[in-house]
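As the structure is a computational prediction, the values presented were derived from the model and not from experiment. Per chain, numbering begins at 1; letters A, B, ... match sequence-line order.
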Amino acid sequence: MIALRLFITLCIGLTIWQVTVWLTGVPPFILPSPLRVAAAALDNASLIASHAGITALEVLLGLLAGTALGIATAVAMTYSKRFHELFFPLLVFTQAVPVFALAPILTLWFGYGMGSKIAMAVLIIYFPVTSAFRDGLAETDPALLDLAQTLGAKPLPTLLRLRLPAALPSLASGLRLAAVYAPIGAVIGEWVGASRGLGYLMLLANGRAKTDLMFASLIVLALGAILLRIAVNSIAVRMEAYARGIAASG
Amino acid sequence: MIALRLFITLCIGLTIWQVTVWLTGVPPFILPSPLRVAAAALDNASLIASHAGITALEVLLGLLAGTALGIATAVAMTYSKRFHELFFPLLVFTQAVPVFALAPILTLWFGYGMGSKIAMAVLIIYFPVTSAFRDGLAETDPALLDLAQTLGAKPLPTLLRLRLPAALPSLASGLRLAAVYAPIGAVIGEWVGASRGLGYLMLLANGRAKTDLMFASLIVLALGAILLRIAVNSIAVRMEAYARGIAASG
Amino acid sequence: ADEMTVLLDWFVNPDHGPIIIAQEKGYFADAGLEVEVIAPADPSDPPKLVAAGKADLAISYQPQLHLQIHEGLPLKRVGTLVATPLNCLLVLKDGPIKSPADLAGKKIGFSVAGVEEAMLTAILENHGVAFDEIELVNVNWSLSPSLMSGQVDAVIGAFRNFELNQMNIEGVDGKCFYVEEEGLPPYDELIYVAKSDEIDADKITRFLRATELATQFIVNHPEESWEIFASTSPELQDELNERAWADTIPRFALRPAAFSAGRYSAFEAFLVDAGLAPTENPVDVIAVDVTKP
Amino acid sequence: MTTPPAIHFTGKVQFGGKPLFGPVDITCPAGQWTSILGPSGVGKTTLLRLLLGLETGAQHDGKISASDGEPLAGRIAYMAQSDLLFPWLSLLENVVTGARLRSETPDLDRAHEVIAQVGLAGHEHKKPRALSGGMRQRAALARTLMENRPIVMLDEPLSALDACTRAEMQELLDHALCGKTVIMVTHDPAEACRLSNQIIVMSRGGAELWADTASSDLLMTHMRGLAA
Amino acid sequence: MTTPPAIHFTGKVQFGGKPLFGPVDITCPAGQWTSILGPSGVGKTTLLRLLLGLETGAQHDGKISASDGEPLAGRIAYMAQSDLLFPWLSLLENVVTGARLRSETPDLDRAHEVIAQVGLAGHEHKKPRALSGGMRQRAALARTLMENRPIVMLDEPLSALDACTRAEMQELLDHALCGKTVIMVTHDPAEACRLSNQIIVMSRGGAELWADTASSDLLMTHMRGLAA
Ligand SMILES: Nc1ncnc2c1ncn2[C@@H]1O[C@H](COP(=O)(O)OP(=O)(O)OP(=O)(O)O)[C@@H](O)[C@H]1O
Ligand SMILES: Nc1ncnc2c1ncn2[C@@H]1O[C@H](COP(=O)(O)OP(=O)(O)OP(=O)(O)O)[C@@H](O)[C@H]1O
Ligand SMILES: [Mg+2]
Ligand SMILES: [Mg+2]
C-alpha cells in the first residue's frame with residue numbers, strides 16, 4: 001500500500017517537474033528534466049551508491065544522537081525552570097547562528113571525518129526535537145499532575161511514568177521533523193568539509209557544471225529522506241497510539 | 001523580568017564563549033573572543049544596523065507568508081486524506097532538497113530583489129508549521145469529533161470551531177520553531193544573491209577573514225532571533241491558554 | 001543608454017576593480033551604458049544565470065568555462081578581467097611542506113569544486129607524487145583558516161592576491177606554489193562570459209572599452225583608484241582590501257577584449273588529457289574576440 | 001420536526017469474539033420514553049453508540065431500523081456519558097455549538113432560556129474549567145435540549161446531580177422531551193419509573209422488558225435477583 | 001499507618017471576590033466518616049481540594065488544621081470527581097500507579113485482590129479506553145483503596161454505578177475504610193446515611209451539621225426545604 005502510494009506520488013512529482021521544465025522553459029543546466037537526471041543516475045549508479053552509503057550512516061547516527069540529546073534537554077528544561085530560562089535563549093541562539101559560521105569551529109573540534117557531519121546533523125535535529133518535546137512536557141494535564149501530587153509522587157517517576165508518556169505525541173511530532181532535517185544536516189556537514197558523501201558529490205557535480213549528476217544525487221538524498229520519514233512516522237504513530245491507549249494499527 | 005533574565009543569559013553565554021576561547025585555544029580567525037567581536041560591532045555599528053534593518057523586514061514578511069501557507073496546507077491535508085497522502089511526500093521532498101540546489105531556480109523566478117529572500121524564509125518556515133499543525137489537527141479528541149458528528153456538523157465549521165482551536169497548542173509549537181528558523185531562511189536567501197542584509201555582510205566578512213565582523217553580525221542576527229522568539233512565544237502561550245480555556249497570564 | 005546586467009563571480013572585492021572604477025568614473029555612462037552590478041554568493045551560479053538569459057555578462061573562471069561548455073551550457077568568453085592565474089597551492093611558510101613533493105600522504109583542502117583535481121594531478125606529477133597519495137577535502141569557504149589551524153596541509157584554489165595578505169594579517173605567513181610555475185598551462189583567472197547565441201558584440205565592446213579605460217586609470221593612479229574603490233562601500237575599507245588592491249593591479253588584463261587562441265586550446269588539451277573533457281572543442285566555440293569586425 | 005419513529009434493535013454484540021450482550025430484540029416505541037438499566041459495563045453505552053452509528057470497536061450482528069424505514073443518523077440528539085464541552089468556549093457558546101457547527105444562526109434567546117432552565121443562569125460566560133462537575137453535566141444537557149430532534153438519547157444525564165437538582169431536571173426533561181422517542185440510560189430505578197413508558201433491563205444474557213413503571217421497589221428487587 | 005487525625009476547616013471561600021460559601025466551621029472527627037451533601041456547584045469539590053492543598057483558583061480566608069497539628073499534605077488518599085486514569089496504562093497498572101510514582105514496589109497481589117473487590121477481575125489488562133464509565137470509576141476507586149493513608153477523601157465515588165454494584169461498593173468501602181478519617185461527597189442521602197457518622201449539608205450560606213443518620217427521608221425533606 002505505502003509502496004503504491006509512494007509510487008503514485010513519485011509519478012505526480014515527476015509530472016509536475018517535467019511540466020515545470022516545459023512551461024517555464026528552465027534551461028537544463030539550471031533544472032534538468034527528469035529523464036536527463038535518470039540517465040545521469042544510471043550512468044553513475046555505483047558512484048552515487050557508494051557516497052549515499054556514507055551519508056546514510058551519518059544521518060542515522062546523527063538522528064539517534066540528536067534525538068537523545070533533545071529528549072535529555074527537554075526533560076532538564078521541564079524539571080528546572082531556572083535551567084529553562086537561562087538555557088533556552090542560548091539554544092535559540094545556537095539555532096539562529098547559521099551553521100556555516102559554526103562549521104569551521106566544528107571541523108576544528110571534530111575534524112574532517114564523520115564526526116563533524118554527525119555533529120552538524122545533531123545540531124539541526126536537536127532544536128526541533130527539544131522544542132516540540134518541551135512543549136509537550138509543559139502541557140501535561142494539570143489534573144493528572146494534581147493526582148500524582150496527592151499520590152505522593154517523586155519527581156523522577158512523575159517524569160518517566162506521567163509527563164513522558166503524556167508528551168509522546170509531541171515527541172512524535174518533533175521526531176517527524178527531525179527525520180526530514182537529519183539528511184540536510186549531514187549534507188551541510190559534508191559541504192563544510194568532506195571528501196565523501198552525497199553532499200560532497202553534489203558540490204563536485206555542481207562545480208563541474210554537471211547539473212544532471214547533481215540533481216541525481218539530490219533525488220537520491222530526497223528519496224532517502226522520504227524513506228526515513230516513513231520509517232520514523234511508523235514509530236511516531238505507535239507512540240501517539242500508545243499515549244492514547246489504543247493498539248497501533250500502522 | 002524578561003529583560004533581566006535575558007541579560008543574565010547573555011552574561012552566561014558570553015562567559016561560556018570566553019572560557020571556550022581560553023580553554024580550547026581556538027584561534028581568533030576561527031572563533032574570536034567576545035571582546036574582539038564587541039569592538040568590531042562598535043566600529044561597524046551603523047553598517048550592521050543598516051544591513052540588519054533589511055534582514056528584519058525579510059524575516060517578518062517571510063514569517064507571515066510562511067505561517068499562512070503552512071496553516072492552509074495543514075488544513076488541506078487534514079481535510080483530504082488523498083491530498084495528504086500524495087502531497088506530503090512531495091513536501092518532504094522539497095525539504096530534503098538542500099536550498100543551495102534550489103537557489104539558482106529561485107533567483108531565476110524571483111529575481112535578485114527581496115522576493116527570493118522572502119521565498120527562502122517561507123520555504124524554511126513552511127515545513128515545521130505545516131508538520132506541527134497537521135499533527136495537531138490529526139490528533140483532535142475523537143470523542144469531540146463524535147459529538148460534532150451527532151450534532152450534524154458541517155466540514156468547514158468543524159474545522160474552524162473544533163479542530164482548529166483544539167490544535168492551537170500544536171500550531172503554537174510550530175510557530176515557536178518558525179520564529180527561530182525565519183532569520184536563518186532570510187540569511188540563506190541573502191547568500192544566494194544579495195547586496196544588502198546581514199547574510200551578505202556575514203559572507204563578505206567571512207570570505208575576507210574579518211571573523212570578528214562576521215561574528216558581530218551573527219550576534220546581531222541571533223539577538224534578533226531571540227527577540228522574535230520571545231514575541232512569538234507570548235502569542236503562542238496565549239494560544240495554548242485559549243485552547244485550554246484559561247485566561248492567559250503571559 | 002543601453003541597460004546591461006553584470007553578475008560578479010562573488011561579492012565585490014578588488015578583483016572587480018575595473019568594473020567598479022568604470023562605474024564610478026562614469027566610463028560606462030560615457031559609453032552609453034547603464035550597468036547594474038549584482039553579486040552572488042555561489043560562484044557557480046552566475047554562468048548558469050547568464051546562460052539562462054537572466055543577465056548579459058557574468059564573471060567566471062576560464063577552467064570552469066571549458067567544463068561548462070562540455071556540459072552544454074551556451075556560454076562563450078567575450079572578455080578578460082584578470083589575465084593570469086590567481087590560483088595557487090598554498091602552504092604554511094614555516095610548515096613542513098617545502099615543495100609539492102612533500103605532500104605525499106597529506107590532506108589538501110579545496111573550495112570551489114571543478115578542476116582542482118586535474119590541477120593537483122598535474123602539479124603532483126611534476127614532483128613524482130601520485131594523485132591517490134593525497135586526500136582531497138572540501139573545506140568550503142575556509143581556505144586559509146583551515147590551513148592556519150592545521151586541519152589541512154595545503155589548500156588549492158586560494159587566490160595569491162588575497163590569502164597571502166590575509167594570512168600575513170593574521171600573523172601566520174603563507175607560501176604560494178604558483179600553478180603556472182608548476183607545470184600548468186597558463187590561463188585567464190577571471191573572464192567575462194556571455195550567452196553564446198545572443199552576443200551583442202557592440203554593447204560588449206563598449207563595455208570592455210570602458211573597463212579598459214578603468215584599468216589604465218588604476219595602473220596609472222593606484223592610490224587614487226583605491227580611494228575611489230574603497231569609497232563605494234564601507235565594507236571594503238580595510239587593510240586586507242587595500243593590500244590586495246596593490247597586489248591585484250599587475251594582474252588586471254590591460255587589453256580586456258584581446259584573447260590568445262593558443263592559450264585556450266592548450267588549456268582545453270590539458271583538460272582532455274586529464275580526463276575532464278571527452279573531446280577537444282575548437283577554440284571558436286570557447287572564446288571570441290568581440291571587437292573583430 | 002418530523003414525527004418521531006419507533007426504533008428496533010436486534011442481534012448480538014461482541015468485542016473481538018467475546019460476547020458482550022445479546023442476542024436481544026429491543027423495540028423503543030415511537031414518541032415514548034424508554035429507560036435502560038443494567039449493571040455497569042453491560043453494554044448500555046455501546047448500545048446507544050451503535051444506534052447512533054458511532055465507532056465502538058464492537059461487532060454487532062443484527063439489525064437496527066426505524067419504523068419509518070428512514071436511517072436514524074442525523075435524527076438523534078445525543079447526550080454522552082461524559083460532558084464533552086469544548087474547553088475554549090464559554091458555557092453559552094458551548095450550548096449553541098450545535099447550530100454553530102451546522103453554520104446556522106444560533107437562537108441565543110432560547111439558549112439563555114435553556115441555560116436558565118438547567119439552573120445555570122449567571123454562569124453563561126464561564127469556561128468549562130470554572131464549572132463544577134454537576135454544572136458541566138447540566139451544560140451538556142442544555143446543549144442537547146437545544147437540538148430539536150425527533151429522537152433523543154441520554155446516557156446517564158443526571159448522574160452528577162444532587163437529589164433536588166436532579167428532581168428539577170427530571171421535571172424539565174419530562175416536559176421538554178414529551179412526544180419524542182427517548183432512550184435514556186440511568187442507574188436510578190426511581191428515575192426510570194418516574195419518567196419512562198417502558199424499562200429495559202439489560203444483563204449479560206440479554207435484555208428484558210419491564211413494563212410495570214408504577215413501583216421502583218419491585219424493579220429494584222427484580223434487579224437484585226438478576227445480579228445474584 | 002499513623003492514627004487518623006480530625007480535620008478542622010473554618011472560614012469563607014471566594015472566587016475573585018464573589019463569595020462561594022461560608023463562613024463555615026467544619027470538623028471531621030478523627031477515625032469517623034463524614035459525608036458532604038449539597039447542591040451542585042456549591043463548592044464541595046473546592047472544599048476537598050482546599051483540604052488537599054491543591055490549586056483551586058479560590059481565595060480561602062480561614063484555617064485548615066489537623067487535630068495532631070501535623071500538616072495534612074501527604075496523608076490523604078483522594079479520589080477525584082473524574083477518574084483521571086492514565087490512558088496508556090492498563091487497569092492493573094493504573095491501580096498500582098501510586099506505588100510506581102513513589103518508586104516503590106507495587107503490591108501486585110493486593111492490587112489483584114482490590115480489582116476483584118471492585119468487580120473488575122478479568123479486565124486487568126484493558127486500557128481505560130476499553131472500559132465503561134462505571135468501570136473506570138471503580139478503577140479509580142481501586143487505585144484509591146490501594147493507598148493506605150489515614151485520611152481518605154472521596155468525591156462522588158459511586159455516581160456512575162448501578163444500584164446493585166453501588167450497594168456492593170458501599171459495603172466494600174464501609175469495610176475497607178473503617179477506622180480512617182473519611183470525607184465523602186455524595187448526592188445520595190441514603191448512601192450518606194448508610195455510611196456516615198455525620199453529615200454536613202452545604203449551601204450558599206454555610207454548612208450545617210446533620211447528625212441524624214438514621215433516616216434518609218428526613219434528610220431529604222430537610223434538603224428540599226433548603227433548596228426551596
Ligand atoms: N476558576 C474558577 N473561576 C470562577 N469560578 C469557579 C472556578 N472554579 C470553580 N468555580 C466555581 O466554583 C463553584 C464550586 O465548584 P465545585 O466544583 O467546588 O462545586 P461542587 O460542589 O463540587 O459541585 P458538583 O456537585 O457539581 O461537583 C462553581 O459554581 C464554579 O462555577
Ligand atoms: N475497545 C474495546 N475493547 C474491548 N472491550 C471493550 C472496548 N470498548 C468497550 N469494551 C467493553 O464493553 C463493555 C461495555 O461497555 P459500555 O460502555 O457499553 O458499558 P455500560 O453499560 O455503558 O457501562 P456503564 O454503566 O459503566 O457506563 C465493557 O465491559 C467494556 O470493557
Ligand atoms: Mg456507559
Ligand atoms: Mg464537585
Side-chain angles (χ1 to χ4, degrees), chain D residues 15-16 18 20 37-46 56-58 80-83 118-120 122-123 126 129-138 155-156 158-169 185-190 192 201-203 216 219-220 223-228, chain E residues 15-16 18 20 37-46 56-58 80-83 118-120 122-123 126 129-138 155-156 158-169 185-190 192 201-203 216 219-220 223-228:
Chain D
F15 264 109
K18 280 194 204 157
L20 183 61
L37 276 90
S40 171
V42 76
K44 304 178 293 298
T45 300
T46 307
T56 57
Q81 200 167 355
S82 56
D83 53 65
V118 299
L120 292 177
H123 299 281
K126 284 192 180 165
R129 218 161 244 275
L131 298 176
S132 77
M135 291 162 86
R136 280 202 295 274
Q137 195 170 44
R138 283 179 280 157
D155 200 346
E156 306 187 24
L158 311 177
S159 61
L161 302 180
D162 62 291
C164 296
T165 318
R166 190 167 188 145
E168 284 165 24
M169 291 304 113
V185 173
T186 180
H187 285 314
D188 184 348
V201 179
M202 283 178 71
S203 62
S216 63
L219 172 58
M220 195 70 198
M223 287 179 65
R224 289 251 162 76
L226 279 179
Chain E
F15 264 108
K18 282 193 202 155
L20 183 61
L37 277 91
S40 171
V42 77
K44 304 180 292 297
T45 301
T46 306
T56 58
Q81 200 167 356
S82 57
D83 52 64
V118 299
L120 292 177
H123 299 281
K126 285 191 181 166
R129 218 161 245 275
L131 299 176
S132 77
M135 292 162 84
R136 280 203 295 275
Q137 194 170 45
R138 283 178 282 156
D155 200 346
E156 305 186 26
L158 311 176
S159 61
L161 302 179
D162 61 291
C164 296
T165 316
R166 191 168 186 146
E168 285 166 25
M169 291 304 113
V185 173
T186 180
H187 285 315
D188 183 349
V201 179
M202 282 178 69
S203 61
S216 63
L219 174 57
M220 194 72 197
M223 287 178 68
R224 288 248 163 77
L226 279 180

statement: Sorted by chain and residue number, the side-chain hydrogen bond (donor to acceptor under 3.5 Å, both in side chains) partners of D188(D) (sequence neighbours excluded) come out as none
statement: If you tally heavy-atom pairs under 4.5 Å between each of H187(E), Q81(E), R138(E), M135(E) and chain D, the highest tally belongs to H187(E)
message: Rounded to the nearest 0.5 Å, what separates atom OG in S40(E) from atom CZ in R166(D)?
response: 12.0 Å
- request: Find the one option among G119(E), A160(E), A130(E), A163(E) whose heavy-atom pairs under 4.5 Å with chain D are most numerous.
  value: A160(E)
field: Euclidean distance, S132(D) OG relative to K44(E) NZ, rounded to 0.5 Å
entry: 6.5 Å
field: Contact origin within T45(D) toward chain E - heavy atom pairs under 4.5 Å
entry: neither
field: Pairing residues for S82(D) by the side-chain hydrogen bond (donor to acceptor under 3.5 Å, both in side chains) criterion, not counting sequence neighbours
entry: none
message: Return the CG to CE distance between D162(E) and M202(D), rounded to the nearest 0.5 Å.
response: 12.0 Å
task: Heavy-atom pairs under 4.5 Å with chain E are the metric here; pick the option from T46(D), T165(D), L161(D), T186(D) that has the most.
output: L161(D)
